[in-house]
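One structure below.
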Amino acid sequence: MYGYIKGVIKSIKPTHIIVDNNGVGYLIIVPNPYIYKLNESEIVYTHHYVREDINNLYGFVSDEAKDLFIKLISVSGIGPKSALSILATDNIDAVVYAIENGDHKYLTKFPGIGNKTAQQIILDLKGKLVEEDELVKFGAVEDAYNALLALGYSKRQVDKVLKTLDHSLTVEELIKEALKKILN
């Protein structure tokens with residue numbers, strides 16, 4: 001119904017913001033309301049969620065965050081509250097990376113997401129969030145990825161090896177493990 005609402009942030013509460021657009025105040029439930037600035041003009045990307053007893057407007061800082069929210073609530077056992085808790089991290093890339101790499105431990109750190117739910121998210125969304133060659137890399141994984149490319153290994157070879165490693169390792173450990181797998 002609404003793609004986005006552009007207006008002035010008139011109120012910031014722990015669960016929502018109110019955006020004034022031409023004299024109409026829209027109450028928008030957001031994952032992290034404190035990233036918005038009071039009395040500033042902002043664009044809030046919105047999703048209108050309607051069920052039997054719910055008629056809410058959810059807002060996000062980017063269209064990508066909104067799309068991920070819509071995909072998350074399509075997963076059995078995930079409602080808007082759980083999806084918002086996941087998106088409250090403000091690190092969409094890390095969430096997408098965890099889903100694409102089957103990292104259920106990362107997903108269980110969010111409130112309301114247990115082991116079974118994390119596995120269901122991975123089962124339902126893996127392969128649907130990014131193209132294979134666009135897999136998001138961040139932190140130690142990104143550093144190890146760049147180091148292996150600098151050593152002369154192909155992008156395809158490095159992608160294949162890094163997918164099999166534990167992404168909680170340090171950069172050095174990732175590089176050592178990757179080299180072991182490549183050289184064997």
Side-chain angles (χ1 to χ4, degrees), residues 4 30-36 42-45 47 58-184:
Y4 67 86
V30 294
N32 184 359
Y34 300 107
I35 62 173
Y36 298 97
E42 299 270 356
I43 293 178
V44 181
Y45 295 88
H47 175 70
Y58 292 94
F60 309 93
V61 295
S62 69
D63 215 20
E64 293 80 19
K66 177 176 112 173
D67 290 343
L68 182 56
F69 174 80
I70 292 168
K71 288 176 181 169
L72 284 169
I73 61 174
S74 73
V75 173
S76 176
I78 298 288
K81 189 174 181 179
S82 296
L84 285 178
S85 74
I86 292 171
L87 293 172
T89 67
D90 291 332
N91 191 347
I92 305 265
D93 292 345
V95 174
V96 170
Y97 189 82
I99 293 169
E100 289 296 328
N101 285 291
D103 187 357
H104 69 281
K105 288 180 186 176
Y106 179 84
L107 296 173
T108 58
K109 75 178 191 173
F110 300 108
I113 307 296
N115 201 27
K116 276 182 141 181
T117 306
Q119 290 174 346
Q120 187 66 48
I121 292 170
I122 292 165
L123 180 68
D124 288 0
L125 298 181
K126 186 174 182 174
K128 297 178 182 173
L129 301 176
V130 295
E131 295 298 320
E132 190 68 27
D133 60 341
E134 294 177 5
L135 194 56
V136 182
K137 293 168 186 62
F138 62 94
V141 177
E142 180 181 23
D143 293 343
Y145 177 83
N146 291 330
L148 291 166
L149 288 179
L151 289 171
Y153 295 102
S154 72
K155 182 178 187 241
R156 191 171 138 242
Q157 196 175 25
V158 174
D159 276 337
K160 185 178 177 182
V161 170
L162 284 179
K163 284 181 188 176
T164 65
L165 299 179
D166 176 9
H167 293 122
S168 65
L169 298 173
T170 66
V171 177
E172 294 80 14
E173 292 169 333
L174 281 168
I175 293 170
K176 282 180 187 176
E177 292 299 314
L179 288 172
K180 283 180 191 175
K181 289 194 176 217
I182 290 172
L183 298 174
N184 284 337

Can you check whether Y4 reaches D63 side chain to side chain, under 4.5 Å on heavy atoms? no
From CG (L148) to CD1 (I175), nearest 0.5 Å: 5.5 Å
Between CD on residue Q119 and CG on residue D124, distance to nearest 0.5 Å: 12.0 Å
Interatomic spacing from CG in L149 to CD in Q157 - rounded to 0.5 Å: 10.0 Å
Closest heavy-atom pair, P111 versus S85, reported as atoms and distance to 0.1 Å, is O-OG, 3.1 Å
So which heavy atom on S82 is nearest to which on G112, and how close? OG-O, 4.1 Å
Side-chain atoms of residues 65-79: list all donor-acceptor pairs with protein atoms under 3.5 Å, sequence neighbours left out, distances to 0.1 Å.
unit_1: K66; atom_1: NZ; unit_2: G3; atom_2: O; d: 3.4
unit_1: K66; atom_1: NZ; unit_2: T46; atom_2: O; d: 3.2
unit_1: K71; atom_1: NZ; unit_2: K128; atom_2: O; d: 3.4
unit_1: S74; atom_1: OG; unit_2: K71; atom_2: O; d: 2.5

Evaluation steps, side-chain contact (heavy atoms from CB on, under 4.5 Å), between I86 and I121: CA-CA 11 Å; I86 292 171; I121 292 170; 4.0 Å; yes
Chi angles and distances behind the side-chain contact (heavy atoms from CB on, under 4.5 Å) call for Y36, V44: CA-CA 10 Å; Y36 298 97; V44 181; 3.9 Å; yes
Could you tell me whether the side chain of Y97 reaches within less than 4.5 Å of the side chain of D103, counting heavy atoms only? no
Can you run down the salt bridge (Lys or Arg N to Asp or Glu O under 4.0 Å) pairs that involve residues 173-184, sequence neighbours left out, and say none if there aren't any? E177-K180
side-chain hydrogen bond (donor to acceptor under 3.5 Å, both in side chains) involving N115 - partner list, sequence neighbours excluded: H104
So, do T117 and L107 sit near enough that their side-chain heavy atoms are less than 4.5 Å apart? no
Y106 vs I99, side-chain contact (heavy atoms from CB on, under 4.5 Å): CA-CA, chis, key distance, verdict: CA-CA 9 Å; Y106 179 84; I99 293 169; over 6 Å; no
Tell me the closest heavy-atom pair linking A144 and L174, and the distance in Å. CB-CB, 3.8 Å
Go through the steps for F110 and T89 under the test side-chain contact (heavy atoms from CB on, under 4.5 Å), then give the verdict. CA-CA 9 Å; F110 300 108; T89 67; 2.7 Å; yes
The reported gap from OH in Y153 to CD1 in I182 (rounded to nearest 0.5 angstrom) is 5.5 Å
